[in-house]
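Presented below is the structure to which this report refers.
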2 protein chains.
Amino acid sequence: MLVMQPFPFQDLPGRPCPIAASLELVGERWSLLVIREVSLGNHRFSEIAQGTGAPRDRLSARLSALVTAGVLERRPYSTSPPRSGYHLTDAGRDILPVLQGLLQWGNRWLTDEPPVVLHHAPGERAGHEVDGEWTCRTCGEPVAGSPVERVLTPAGHRLVGLPVEADDHDR
Amino acid sequence: MLVMQPFPFQDLPGRPCPIAASLELVGERWSLLVIREVSLGNHRFSEIAQGTGAPRDRLSARLSALVTAGVLERRPYSTSPPRSGYHLTDAGRDILPVLQGLLQWGNRWLTDEPPVVLHHAPGERAGHEVDGEWTCRTCGEPVAGSPVERVLTPAGHRLVGLPVEADDHDR
DNA sequence: GCGAGTCGGTTTGATATGCAAACCTATGCT
DNA sequence: AGCATAGGTTTGCATATCAAACCGACTCGC
């Protein structure tokens, strides 16, 4: 299932952490908005530029980086002139819950009148606004509020407090 | 429930979108890692600096911005010398699912040997790794894969395709 | 064939931001 | 006094970002 380049966690500036690693790939400005646009069905350079508001040179750089990272793929839709659209890979689709989390957080805390909300089961009578929470697929329980333990592998550093620096009492 | 400043969605560079608005507050480099550190129990400047690896001046700027945004609050823990720690507000705690999403995505796609994983119900025999998904609290169904409709308010622009520009055929 | 327009970028030059390292203030410790 | 620690701020330089101009390949209308 691992199609992307293994990420060198130990090269991260702070603690070796999957969150920091993820942000190295998709945390730069415009990157997540590019993924949003593509997920909305806007696959072309000009559409993504309009939807995000990103400068064209930044957009070009981000698109290349996201393709290299394996989050997007280029897919030709015309040979003359040669034109390609950008589409989500499996990894790209798998990051959409993060965007839904940001959407819900923004709607909850930043406004009384959300410009866009998600509706569940839109055709049915019982359609309702999505009220998302992060839930464990294995046991069905919400992750927030459950007893959760963070388990570290040897490279994982200490979670709380300062790491013990290399001992220098002998110099 | 809205304790933060209402965000001017219409001032965003691209479409007026809660995701973009959220990223304006927490999308800059180091911000989400600062929130991660505080959520781990590292409340002091030097602890956060160590845990994130952020330069001290950047950290200072991010902490101030996050306090202003209402994601963190300063809480004095010593009067002489005057010292404060940084703690999550309700809004700050509410963004942790986004970090869990990034954690899981990084663990899934960036490595075979995650440096840190979340374990559910650690004391019990049935403890297991968290396999999170974004689920609707109202109906209990996963959001991914369900029929979901994006509902726009008037300010929400078109989701797909380019917006119709102001007509200029008469000049 | 010719001019205008579109698409997907790249280049340019000014501005803003990020960075490491040094510095500063207040305090405690001996 | 002399040194150490915490929590920053300042400095000087490097990098990234931005808006705007430019470019090559093509299409369309005539």
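Note on naming: letters A, B, ... go to the chains in the order of the sequence lines (proteins, then strands), and numbering restarts at 1 for each one. No experiment lies behind these values; they were computed from the predicted model shown. Only heavy atoms go into these numbers, but all of them, side chains included; no hydrogens, no water, no symmetry mates.
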Quiz item: Judged by atom type as modelled, is there a donor-acceptor pair below 3.5 Å linking the side chain of A:Arg83 to the main-chain atoms of A:Arg44?
Solution: no
Self-check item: Which nucleotide in D:dG7, D:dC26, C:dG9 has an atom nearest any side-chain atom of A:Phe45
Solution: C:dG9
Quiz item: B:Pro82 or A:Ser80: which one's nearest nucleotide on DNA chain D is closer to the 5' end?
Solution: B:Pro82
Quiz item: Under a 4.5 Å side-chain heavy-atom rule over Ile, Leu, Val, Met, Phe, Trp and Tyr, are A:Leu88 and B:Leu159 clustered together?
Solution: yes
Exercise. Please list, by residue number, the residues of residues 21-36 of chain B whose heavy atoms come closer than 4.0 Å to an atom of DNA chain C; answer none if no residue qualifies.
Key: B:Arg29, B:Trp30
Quiz prompt | Within-4.5 Å side-chain heavy-atom neighbours: B:Arg150 and A:Leu40 | solution = yes
Quiz item: For B:Gly27, does its backbone N or O pair with a side-chain atom of B:Ser31 as donor and acceptor, under 3.5 Å?
Solution: no
Exercise. Determine: side-chain N/O of B:Tyr86 to OP1/OP2 of D:dG7, distance under 4.0 Å, yes or no.
Key: no
Self-check item: Interatomic distance, B:Glu37 CD vs D:dG7 P [rounded to whole Å]
Solution: 14 Å
Exercise. Using a cut-off of strictly less than 4.0 Å, decide whether B:Tyr77 has a side-chain nitrogen or oxygen near OP1 or OP2 of D:dG7.
Key: yes
Quiz item: Under 6.0 Å from the CD atom of A:Gln10, do we count more than 12 heavy atoms belonging to anything else shown?
Solution: yes
Self-check item: Under 3.5 Å donor-acceptor, B:Thr89 side chain and B:Gly70 backbone
Solution: yes
Quiz prompt | Among D:dA6, D:dG24, D:dC26, the nucleotide that comes nearest once only the side chain of A:Arg83 is considered | solution = D:dG24
Self-check item: Close approaches to DNA chain D from residues 54-66 of chain B, in residue order (heavy atom, under 4.0 Å)
Solution: B:Arg56, B:Asp57, B:Ser60
Exercise. Return yes if some donor-acceptor pair links the side-chain N/O of B:Ser22 with the main-chain N/O of B:Pro18 below 3.5 Å, else return no.
Key: yes
Exercise. Check B:Val116 against B:Asn107 and note the closest heavy-atom contact, atom names and distance.
Key: O-ND2, 3.0 Å
Quiz prompt | Whole-Å distance separating the CD1 atom of A:Ile48 from the C1' atom of C:dC7 | solution = 13 Å
